[in-house]
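Some notes on the structure that comes next.
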Protein chains: 2
Amino acid sequence: MKFLNDMALFVEVVKAKSFRGAADAIGMPNSTLSRRISALEKTLGLRLLHRTTRKITLTEAGQIYYERCKRIVDEAKLAQEQLSEMLTQPSGVLRASLPVDFTVTYMAPLIAEFAKLYPGIVFDFDLTSRWVDLVNEPFDVAIRIGKPENSQLIARPLAVLPTYLYASPRYLDRSGEPAKPADLANHECLGIMKADTWTLHNGTNTTKISIGSRFTLNSVGMICRLATLDMGIIMMMEKIVADDIASGRLRRVLPQWRGAPVSACAITATRLLPAKTQHFIKFLQEHLGKV
Amino acid sequence: MKFLNDMALFVEVVKAKSFRGAADAIGMPNSTLSRRISALEKTLGLRLLHRTTRKITLTEAGQIYYERCKRIVDEAKLAQEQLSEMLTQPSGVLRASLPVDFTVTYMAPLIAEFAKLYPGIVFDFDLTSRWVDLVNEPFDVAIRIGKPENSQLIARPLAVLPTYLYASPRYLDRSGEPAKPADLANHECLGIMKADTWTLHNGTNTTKISIGSRFTLNSVGMICRLATLDMGIIMMMEKIVADDIASGRLRRVLPQWRGAPVSACAITATRLLPAKTQHFIKFLQEHLGKV
DNA sequence: GTCCATTGTTTCTTATATAGAACAAAGACT
DNA sequence: AGTCTTTGTTCTATATAAGAAACAATGGAC
């Protein structure tokens, strides 16, 4: 089946009723076209076109072959169109791996809006804290907080979110309110995973401090919950703890300082993405930045 | 439409569920296959296959594209089969240009037999003495007596037919019976077209004599008719004058001598012939030799 | 009849794609 | 866990095909 392309060329020649005309239409030198049709005829073992220097006519075999080829080429065009529709008209199942708390707090309203915008898309979300294996698992996209370690993957930045320090009033009453970053060394600092340093800025200065904690956690929600239970100080994105701030369960610590901003990324295994994924990422990039 | 071939390759990969397997099946290095599929994906703008080093799975787009491609490839195979059927199962219209008298006398019975052998073939014969232009006229084959002058055409020898000299008894009574070839110089020698020499053999010797005639003709039948009307001596194939010999209208002249044998050829514009033409020529070659 | 414009084919240089081996990754077997 | 085998990708010399111009042939215009 090495002559599929030549079939398309043959169709063009028949349509144009001329080698040169077809060559111009395709944008190919007529010499190549002539050679290709000849090669096709040789492969098939019989002549498709009666050539005169002045005009060409189909042989009986050519007539039959043309009918077939036309259908094939039309089919191919259809396939192409259908696929480019997939590229432009987002539809299908969007499988995404999302971080639990960030998604619940920040992305939920955006996803609702996006779902309204593209009724053709069905969503299959896996909310998990682990860094899923995009190569082996059939996710279209993964949203992650922080930098991706695997260089094979394509990461697109979505938003950079500032973080601040929070603790419960009761904790601060008990353990004392830190006045400067260095004071944190004497506090229970609840970080994600095994983070052992926190970087703080106050607009002009940056300081890096070692933190200690009795907890190693991979859940933002759990960290916040522990904070509301007076277990320590957390460095957290604003919206995550908004409710707890409003209700007084938590309050800002070292309000002149802010933590290192965390970046949210959309990660994919390839750049060749269907429209649903492309639009999803684009939508998040446009709307997450304003949060 | 430059990716038709790649579509076929893609189908093979999906069918084999493996690059290597497909490559082996096609007989192509897997490196090429890998590159070609990648190129196809790049052209389409989205990924068709999820690759793991261990197995490959179709993406949503790939699934859709595969369905289409499979149909296209199947269509192409069908077209190929239909055409190869034309190559093996003779059918359709066989358009042939034939010399009038040779066909009526020598070929008629063979054609009848051939027609019985291949019921699928319909015949469109143009009996004419002119050397038709095979390039411009849609003849599948032309049968000609003598050597073809155009080197572009493909000539296949069919038969070599001996010729003898004949005249009517009354002509011989009137003009005298030639005893040796040289005597022909004093006779009315009716040749085809403007033949001005006849070559004669008697088994051991060959002699070439100039002939003169008041007639320039392009019809064998007419020459024979003139001969029966006592107009001169003709050099003719045996069967053409069989009836005239049997009825005594003509009789052999210089019976030790025979004329230069004439060869019948099948002439085609190309070697890429459909089965009907191939079989026709083969049949004539096999049966005309025995006449 | 002669010249001109157009068309399909051929030729020759240059560019592109291919084949084969090396490579990296990952499952399977011990 | 370590090794082996299998699989997809990458690299580079080589073969194949493309492109531009020349060519041959044909039909029309004058």
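First the proteins, then the strands, lettered A, B, ... as listed; each starts at 1.
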Donor-acceptor pairs are to be reported for all side-chain atoms of residues 89-99 of chain A against protein atoms at under 3.5 Å, with residues two or more places apart or in another chain.
residue: Ser97(A); atom: OG; partner: Arg144(A); partner atom: NH2; Å: 2.8

Listed by chain and number, what are the side-chain contact (heavy atoms from CB on, under 4.5 Å) partners of [X], not counting sequence neighbours?
{"X": "Arg71(A)", "value": "Arg68(A), Glu75(B)"}
{"X": "Ala269(A)", "value": "Leu134(A), Leu153(A)"}
{"X": "Val160(A)", "value": "Pro261(A), Ser263(A)"}

Tabulate atom names and distances for all N/O pairs under 3.5 angstrom spanning the protein and nucleotides 23-26 of chain C.
residue: dA26(C); atom: O4'; partner: Thr53(B); partner atom: OG1; Å: 2.9

Backbone N/O of [Y] and side chain of [X]: donor-acceptor pair under 3.5 Å:
{"X": "Asp6(A)", "Y": "Leu40(A)", "answer": "no"}
{"X": "Thr59(A)", "Y": "Arg47(A)", "answer": "yes"}
{"X": "Thr43(A)", "Y": "Ala39(A)", "answer": "yes"}

Inset, instruction - Please work out if Ser38(A) contacts a base, only the sugar-phosphate, or nothing of the nucleic acid, heavy-atom cut-off 4.0 Å. - result: nothing
Inset, instruction - Go through residues 23-35 of chain A and report each residue with a non-hydrogen atom lying under 4.0 Å from DNA chain C, sorted by number. - result: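 Heavy-atom contacts with DNA chain C come from Asn30(A), Ser31(A), Ser34(A).
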Inset, instruction - Give me the first and last nucleotide of DNA chain D, going 5' to 3', that has any atom under 4.0 Å from a heavy atom of chain A. - result: dA17(D) to dG27(D)
Legend entry - Atom pair CD1 (Ile111(A)) and CD1 (Ile121(A)), whose distance is rounded to the nearest 0.5 Å: 11.5 Å
Inset, instruction - Could you tell me how the ring of Phe123(A) sits relative to the ring of Phe125(A): parallel (under 30°), tilted (30 to 60°) or perpendicular (over 60°)? - result: tilted
Inset, instruction - List for me each residue that meets ring pair (Phe, Tyr, Trp, His ring centres under 6.0 Å) alongside His279(A), sequence neighbours excluded, and say none if there are none. - result: Tyr118(A)
Inset, instruction - Please identify each residue that fulfils ring pair (Phe, Tyr, Trp, His ring centres under 6.0 Å) with Phe283(B), with sequence neighbours left out. - result: Phe114(B), His287(B)
Legend entry - Results of salt bridge (Lys or Arg N to Asp or Glu O under 4.0 Å) for Asp101(B) - residues two or more places apart only: none
What is the distance, to the nearest angstrom, from the [atom1] atom on [X] to the [atom2] atom on [N]?
{"X": "Asp6(B)", "N": "dA17(C)", "atom1": "CG", "atom2": "C1'", "result": "11 Å"}
{"X": "Lys17(A)", "N": "dG8(C)", "atom1": "NZ", "atom2": "P", "result": "13 Å"}
{"X": "Arg36(B)", "N": "dT16(C)", "atom1": "CZ", "atom2": "P", "result": "13 Å"}

Inset, instruction - Note the angle between the end axes of the helix from dG1(C)-dC30(D) to dT30(C)-dA1(D), five pairs defining each, rounded to 10 degrees. - result: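 Inter-axis angle at the ends, rounded: 30°.
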Only pairs under 3.5 Å count here: list side-chain donor-acceptor contacts from residues 8-35 of chain B, not counting sequence neighbours, and write none if there are none.
residue: Ser18(B); atom: OG; partner: Arg20(B); partner atom: N; Å: 3.2
residue: Ser18(B); atom: OG; partner: Gly21(B); partner atom: N; Å: 2.8

